[in-house]
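Below, chains carry the letters A, B, ... as their sequence lines are ordered, and counting in each starts from 1.
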There are 2 protein chains.
Amino acid sequence: MNKSTVLVIDDEAQIRKLLTITLEAQEFYVHEATTAKEGLAAVANHPPDLILLDIGLPDQNGHDVLKHLREWYTNPVIILSVQSNEEDIVRALDNGASDYLVKPFRTGELMARIRSALRKSTVDENHALLTFGDLVLDFSSRTIKKNNEKIKLTATEYTLLALLAKNESKVLTHHYLLTQVWGPTYREESQYLRVFIAQLRKKIEADPNRPVHIITESGVGYRFIA
Amino acid sequence: MNKSTVLVIDDEAQIRKLLTITLEAQEFYVHEATTAKEGLAAVANHPPDLILLDIGLPDQNGHDVLKHLREWYTNPVIILSVQSNEEDIVRALDNGASDYLVKPFRTGELMARIRSALRKSTVDENHALLTFGDLVLDFSSRTIKKNNEKIKLTATEYTLLALLAKNESKVLTHHYLLTQVWGPTYREESQYLRVFIAQLRKKIEADPNRPVHIITESGVGYRFIA
DNA sequence: GAGAGATGTAAAGATTTTATAAAGAATAGG
DNA sequence: CCTATTCTTTATAAAATCTTTACATCTCTC
């Protein structure tokens, strides 16, 4: 997982320091801003993964900052406030705040809420892409491309290729491949492997007679090469 | 905007009554459950748009209920608790709770948090107007247009199409689609999928025999393509 | 370089999965 | 309470995939 960037917008130096220390200890990049103006500029220049926004800024009301942000910024914004009155909370949430914390807060709770907010906003960003020269395997969308053209694989072909590719350059034995793809009762069905390896080569190799990606290790198994 | 359905899982009759009255006044459909078992059954049969879950249920710990739910249920779950200790809050949020409210709560604040949670879970539905060539899906009005003509979809058809479209180009497995659209008790009913996919194709594809939008991945699932 | 075992390939047959229509059951709305 | 709509189930046809067979080719050893 990559480090996430958090922007802290708060005018109290003490709070900023506390937050920065806590967040950096938890493997976040932290940027600081002390005024609304400075904060909005920072967001525009380097949109962070999450914003901690103090509602009581000196130059502009935090609610207005939030409204302004929400015109284009979609990542989580967590509001910090000394207020605990209901109206304020309602207003912030209705303006699109992801969460609302009343100062003084416990850092443990803050971290949990940050994690929760980030988890929600990055659900789909776990794209696993493997690139091998002319071949691209995208596990998130379950697609294979050769020279940028989509290739159609059956479920079994895909499973087999994915297994080989994930173990790039390692030899996988016949027994292992058969067990993983077809199940343990198929461990002696080596003809299956030959048939499916041939089909895969026909689909992904430039010249199926001289395969460069799926290599035969005679008497042992197969190996995937980039 | 359509009415949203809220499921209240709480063993205290008084709280249930209060919540039901408040929510129904705000144009929600409300279902009630008094135990964890009853609640889970209700969710499985009719997945609600949001769940209010009491952490102190008589038959099962609320944290476990939450974990169980999160294996497949992705809509907001707001935790209600008499506890306000940090550990409990952290645990609930890490388990995927959308929010945490300490009893007694003000109904105004509860409503704001419900609105906020629902807004988040339907972010794309408010903003996005997805366009795929001849097809336009408008999530805010729940309407579909093909070549600028409105197309009528049933609730189930719409849910299924929206799910596919939101995950454009990704393969969604049979189990996943069935679980999300019909609930976990339907995960083996793959004939449903075939019937509804056929209906959708008849409505949105230029030539239902040669679909270009809803693609079959034999043995795996379906994929939506622009 | 001959032979044996291992591997590759094509294609027919068997099986599984998918598509579609249509009838029966359930549900919502007037 | 009735009707129209939608959902569920059943039946069957079509398509895709998997499995098996038969034979060709390769590789390694002697």
Side-chain angles (χ1 to χ4, degrees), chain A residues 142 144 151-161 164 171-175 177-178 180-183 185-224, chain B residues 2-3 5 29 31 44-47 142 144 150-161 164 171-175 177-178 180-183 185-224:
Chain A
R142 212 169 195 285
I144 312 288
I151 292 186
K152 214 188 151 213
L153 297 183
T154 71
T156 310
E157 287 165 3
Y158 178 88
T159 308
L160 177 57
L161 178 60
L164 286 164
V171 181
L172 304 183
T173 66
H174 300 137
H175 279 356
L177 288 167
L178 285 161
Q180 292 300 310
V181 176
W182 283 271
T185 53
Y186 290 72
R187 43 175 284 140
E188 304 300 334
E189 298 281 351
S190 46
Q191 174 60 11
Y192 278 28
L193 258 184
R194 283 181 218 117
V195 171
F196 278 85
I197 290 285
Q199 283 169 2
L200 275 178
R201 281 174 175 157
K202 227 191 292 182
K203 290 184 179 180
I204 69 168
E205 297 280 3
D207 180 358
N209 294 321
R210 281 184 214 74
V212 296
H213 287 304
I214 303 179
I215 306 300
T216 302
E217 296 288 340
S218 200
V220 186
Y222 295 91
R223 178 207 303 272
F224 188 89
Chain B
N2 278 318
K3 275 194 183 186
T5 306
Y29 289 118
H31 293 143
N45 286 330
H46 294 285
R142 286 177 82 91
I144 313 290
K150 264 195 189 168
I151 292 184
K152 215 186 149 205
L153 297 183
T154 71
T156 309
E157 287 166 2
Y158 178 87
T159 308
L160 178 57
L161 179 60
L164 285 164
V171 179
L172 303 183
T173 65
H174 301 135
H175 280 355
L177 289 167
L178 286 161
Q180 292 300 313
V181 176
W182 284 272
T185 52
Y186 291 73
R187 43 176 283 138
E188 304 299 335
E189 298 282 349
S190 44
Q191 177 61 9
Y192 277 31
L193 258 183
R194 285 184 214 115
V195 171
F196 278 84
I197 291 284
Q199 283 169 1
L200 278 177
R201 281 176 175 157
K202 228 189 292 180
K203 292 185 179 179
I204 69 168
E205 297 278 3
D207 180 357
N209 294 321
R210 281 183 214 75
V212 295
H213 288 304
I214 303 178
I215 306 300
T216 302
E217 296 287 340
S218 196
V220 186
Y222 294 91
R223 181 204 302 273
F224 189 90

Whole-Å gap separating C1' (dT7(C)) and CG (Leu178(A)) = 14 Å
Could you tell me whether the phosphate oxygens of dT9(C), OP1 or OP2, come under 4.0 Å of any side-chain nitrogen or oxygen in Asn209(A)?
-> yes
Parallel, tilted or perpendicular for Phe196(A) and Trp182(A), by the 30°/60° rule?
-> perpendicular
Is Ile197(A) close to Leu164(A) at the side-chain level, that is, under 4.5 Å between some pair of heavy atoms?
-> yes
Between dG8(C) atom C1' and Asp207(A) atom CG, what is the distance in whole Å?
-> 14 Å
Looking across every strand, which nucleic acid part, if any, lies under 4.0 Å from Thr156(A) by heavy atom: base, sugar-phosphate, or nothing?
-> sugar-phosphate
Here the pair of heavy atoms bringing Ser218(B) nearest to Ala155(A) is O-CB, 4.0 Å
At a cut-off of 3.5 Å, list every protein nitrogen or oxygen paired with a nitrogen or oxygen from nucleotides 22-30 of chain D, distance to 0.1 Å.
none

Ile215(B) CD1 - dA16(D) C1' separation (whole Å) | 15 Å
Find which nucleotide of DNA chain D each of Glu189(A) and Leu153(A) is nearest to by heavy atoms, and output the residue with the more 5' nucleotide.
-> Leu153(A)
OP1, OP2 of dA19(C) versus side-chain N and O of Thr216(B): anything below 4.0 Å?
-> yes
Would you tell me if any nitrogen or oxygen in the side chain of Tyr192(B) comes within less than 4.0 Å of OP1 or OP2 on dT18(C)?
-> no
Show your working on side-chain contact (heavy atoms from CB on, under 4.5 Å) between Leu160(A) and Leu193(A) and close with a plain yes or no.
-> CA-CA 9 Å; Leu160(A) 177 57; Leu193(A) 258 184; 4.2 Å; yes
Could you give the CG-to-P distance, from Leu193(A) to dT20(D), as a whole number of Å?
-> 14 Å
Any side-chain N or O of Lys202(A) less than 4.0 Å from the OP1 or OP2 oxygen of dG8(C)?
-> no
Given Thr216(B), which of Arg201(B), Arg194(B), Arg223(B) fulfils the side chain to side chain donor-acceptor pair (under 3.5 Å) condition?
-> Arg201(B)
Contact nearer the 5' end of DNA chain D, comparing Glu217(B) with Val195(B) = Val195(B)
Between P of dT18(C) and CD of Glu188(B), the distance in whole Å = 13 Å
Atom pair distance, as rounded to whole Å: CD1 in Ile197(B) and C1' in dT20(C) = 14 Å
Give a yes/no on whether any side-chain N or O of Tyr222(B) is located under 4.0 angstrom from OP1 or OP2 of dA19(C).
-> yes
Can you tell me if NE2 on His31(B) sees more than 12 non-hydrogen neighbours from other groups inside 6.0 Å?
-> no
Provide, to the nearest angstrom, the distance between the CG atom belonging to Leu200(A) and the P atom belonging to dT17(D).
-> 13 Å
Side-chain N,O (Arg194(B)) to OP1/OP2 (dA19(C)) below 4.0 Å = no
Ranking dT20(C), dT6(D), dT18(C) by distance to the side chain of Lys152(B), first place goes to dT6(D)
May I have the distance from Phe196(A) (atom CZ) to dA10(C) (atom P), rounded to whole angstrom?
-> 15 Å
Presence of His174(B) side-chain N/O under 4.0 Å of dT18(C) phosphate oxygens OP1/OP2 | yes
Any donor-acceptor N/O pair, Glu205(B) side chain to Ile214(B) backbone, under 3.5 Å = yes
Inspect the contact between Lys203(B) and Glu157(B) and indicate whether a charged nitrogen and a carboxylate oxygen are less than 4.0 angstrom apart.
-> yes
May I ask you to evaluate whether Arg201(B) reaches the phosphate of dA19(C), defined as a side-chain N or O under 4.0 Å from OP1 or OP2?
-> yes
Side chain of Thr154(A) - closest among dT17(D), dC7(D), dT18(C) | dT17(D)
Let me know, please, whether Gln199(A) or Gly221(A) comes out on the 5' side of the other along DNA chain C by nearest nucleotide.
-> Gly221(A)
Side chain of Trp182(B) - closest among dT9(C), dT8(D), dT19(D) | dT8(D)
